[in-house]
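Worksheet for the structure shown next.
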Protein chains: 2
Amino acid sequence: MEPRHTEVTVSASSSAHAAPRYDSVDCRRVSQLLARVGDKWTVLIVQALGGGPKRFNELKRLIGGISQRMLTLTLKNLERDGLVTRTVTPSIPPRVDYELTDLGHSLREPVDALGDWALAHMARIDAARERFDQTLAD
Amino acid sequence: MEPRHTEVTVSASSSAHAAPRYDSVDCRRVSQLLARVGDKWTVLIVQALGGGPKRFNELKRLIGGISQRMLTLTLKNLERDGLVTRTVTPSIPPRVDYELTDLGHSLREPVDALGDWALAHMARIDAARERFDQTLAD
DNA sequence: CAGCATCCGGGTGGATACTG
DNA sequence: CAGTATCCACCCGGATGCTG
């Protein structure tokens with residue numbers, strides 16, 4: 001792991017508010033990235049490719065529920081961002097393999113962190129939603 | 001431009017290629033959460049509230065560029081998910097304070113991780129995009 | 001000050017049909 | 001098999017105007 005900043009993270013405790021680690025400009029970029037990563041399929045594809053190179057229809061089956069249009073588009077975006085490589089083998093029938101780059105692999109770490117958070121707190125969120133929707137029904 | 005990036009020592013917690021840490025169902029939920037978190041304003045609001053409780057227009061000014069419609073909607077979603085509390089002080093003029101819950105604060109950690117990733121690799125992504133767009137222009 | 005209601009333009013994403 | 005092309009429904013989100 002990179003020994004980047006030793007700054008204290010929030011860890012929901014006594015020292016209420018952590019200093020803002022990002023200025024507003026940074027937040028925009030982060031927000032943009034999250035919008036890209038947070039689109040409907042990117043994470044699914046990255047996670048699917050986390051297990052190694054995959055072919056087009058292999059990915060399609062693996063993910064399930066994705067249209068080939070969206071698979072194509074999302075893969076193209078990932079390739080454009082340098083997160084995925086596209087390797088064509090001009091045979092008949094043609095063969096195309098998609099694989100995560102180092103950059104793509106490195107993305108899995110923070111995404112997994114968010115995944116862990118989601119799994120750890122999903123129950124609380126669902127409960128909060130039910131409570132909220134319930135008190136609205138009055 | 002040599003990829004001089006710290007090859008993530010995945011041996012720490014999870015291995016790169018081996019067992020997926022999430023099944024497909026988990027991935028859906030993670031994906032859904034990312035879609036929520038990755039919407040246009042959620043992260044900006046969470047980060048703004050990271051500095052402590054804020055009032056409605058205070059948030060609006062702080063974030064800048066957000067319409068009150070979206071601020072209202074996003075705050076309501078955050079409240080529904082139990083990430084933010086809404087405290088009304090019935091005075092004239094009325095006063096409403098928004099504050100991160102413990103759950104909301106805990107979200108900042110993984111989000112910051114993604115933010116660090118974005119800031120660390122944004123240059124590479126931009127470069128990759130330029131290269132990609134360039135080779136398409138041929 | 002802190003919203004809600006309404007209208008509306010653009011983008012996202014599914015379904016379908018066709019190609020090399 | 002691995003796409004491209006087209007059409008279209010939906011919804012996100014901005015602008016505006018009005019309330020308590």
Side-chain angles (χ1 to χ4, degrees), chain A residues 27-28 31-46 48-49 53-81 84-99 132-133 135-136 138, chain B residues 27-28 31-46 48-49 52-81 84-99 132 135-136 138:
Chain A
C27 277
R28 300 304 160 137
S31 190
Q32 284 184 347
L33 176 99
L34 273 164
R36 270 287 346 271
V37 167
D39 70 7
K40 200 172 180 184
W41 300 109
T42 295
V43 174
L44 281 317
I45 293 179
V46 168
L49 287 177
K54 300 275 181 297
R55 300 180 60 174
F56 188 85
N57 280 327
E58 196 177 357
L59 275 174
K60 192 162 176 341
R61 275 190 308 274
L62 215 59
I63 295 175
I66 189 173
S67 61
Q68 75 276 48
R69 174 188 146 83
M70 276 303 104
L71 184 53
T72 304
L73 277 177
T74 311
L75 282 171
K76 193 163 292 181
N77 277 328
L78 287 170
E79 189 194 357
R80 187 173 109 96
D81 290 351
V84 158
T85 59
R86 180 175 181 271
T87 311
V88 182
T89 306
S91 55
I92 296 178
R95 177 196 180 94
V96 180
D97 286 277
Y98 293 93
E99 184 171 12
F132 188 87
D133 295 346
T135 53
L136 274 192
D138 298 343
Chain B
C27 275
R28 302 303 162 140
S31 188
Q32 283 183 348
L33 176 99
L34 273 164
R36 270 286 346 272
V37 166
D39 70 6
K40 201 171 178 184
W41 300 109
T42 296
V43 173
L44 281 317
I45 293 179
V46 168
L49 287 177
K54 300 275 182 296
R55 301 180 59 174
F56 187 85
N57 280 326
E58 196 177 356
L59 275 174
K60 193 163 176 338
R61 274 190 308 274
L62 215 58
I63 294 174
I66 189 174
S67 61
Q68 75 276 52
R69 175 187 145 83
M70 276 304 107
L71 184 53
T72 305
L73 276 176
T74 311
L75 282 171
K76 192 163 294 180
N77 277 328
L78 287 171
E79 189 194 357
R80 188 172 108 97
D81 290 350
V84 158
T85 58
R86 180 174 181 273
T87 311
V88 182
T89 308
S91 55
I92 296 179
R95 176 195 181 95
V96 180
D97 287 276
Y98 293 93
E99 185 171 12
F132 188 88
T135 53
L136 273 192
D138 298 343

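Just the heavy atoms: all of them, side chains too, but no hydrogens, waters or symmetry mates, feed the values below. So you know, we letter chains A, B, ... as the sequences are listed, proteins then strands, and number each from 1.
- When distances run from any side-chain atom of Phe56(B) to the nucleotides dG3(D), dC1(D), dA2(C), the shortest one goes to dA2(C).
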Checklist entry - If the sugar-phosphate is the primed atoms plus P, OP1 and OP2 and the base is the rest, what is the B/S/- string for nucleotides 14-20 of chain C, using protein heavy atoms under 4.0 Å? => result BBBB--B
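- Atom CG of Asp39(B) and atom P of dG13(C) are 13 Å apart (whole Å).
- Counting heavy atoms of neighbouring residues, nucleotides and ligands inside a 6.0 Å radius, atom CD1 of Ile92(B) does not exceed 12 of them.
- Although no hydrogens or angles enter the test, the distance criterion places a donor-acceptor pair under 3.5 Å between the side chain of Thr135(A) and the main chain of Phe132(A).
- Rounded to the nearest 0.5 Å, atoms CG (Asp97(A)) and OG1 (Thr85(A)) are 8.5 Å apart.
- When the C1' atom of dC1(C) is taken as reference, atom CG of Leu71(B) falls 13 Å away, rounded to whole Å.
- Distance, Leu44(A) CG to dG13(C) C1': 14 Å, rounded to whole Å.
- If you take CD1 of Ile92(B) and C1' of dC1(C), they are 11 Å apart, rounded to a whole angstrom.
- Counting only residues at least two apart or in different chains, salt bridge (charged side-chain N to carboxylate O under 4.0 Å, His left out) contacts with residues 57-66 of chain A are absent.
- Between Leu59(A) atom CG and dG3(D) atom C1' the separation is 14 Å, expressed in whole Å.
- The CG-C1' distance, from Asn77(A) to dG11(C), rounds to 13 Å in whole Å.
- A side-chain contact (heavy atoms from CB on, under 4.5 Å) with Val84(A) holds for exactly one of Leu49(A), Asn77(A), Ile45(A); it is Leu49(A).
- Residue Lys76(B) is classed as a sugar-phosphate contact, given heavy-atom separations below 4.0 Å to backbone atoms only.
- Between dC1(D) and Tyr98(A), no contact under 4.0 Å exists linking OP1 or OP2 to a side-chain N or O.
- Under the salt bridge (charged side-chain N to carboxylate O under 4.0 Å, His left out) criterion, the residue pairs touching residues 33-43 of chain B are Arg36(B)-Asp81(B), with sequence neighbours excluded.
- Using modelled atom types, no side-chain atom of Thr42(A) and backbone atom of Gly38(A) make a donor-acceptor pair closer than 3.5 Å.
- In terms of phosphate contacts, Arg55(B) brings no side-chain nitrogen or oxygen within less than 4.0 Å of OP1 or OP2 of dC1(C).
- We find that NZ of Lys54(A) is positioned 13 Å from P of dA2(D), with the value rounded to whole Å.
- Distance CG (Leu73(A)) to C1' (dG13(C)): 9 Å, rounded to an integer number of Å.
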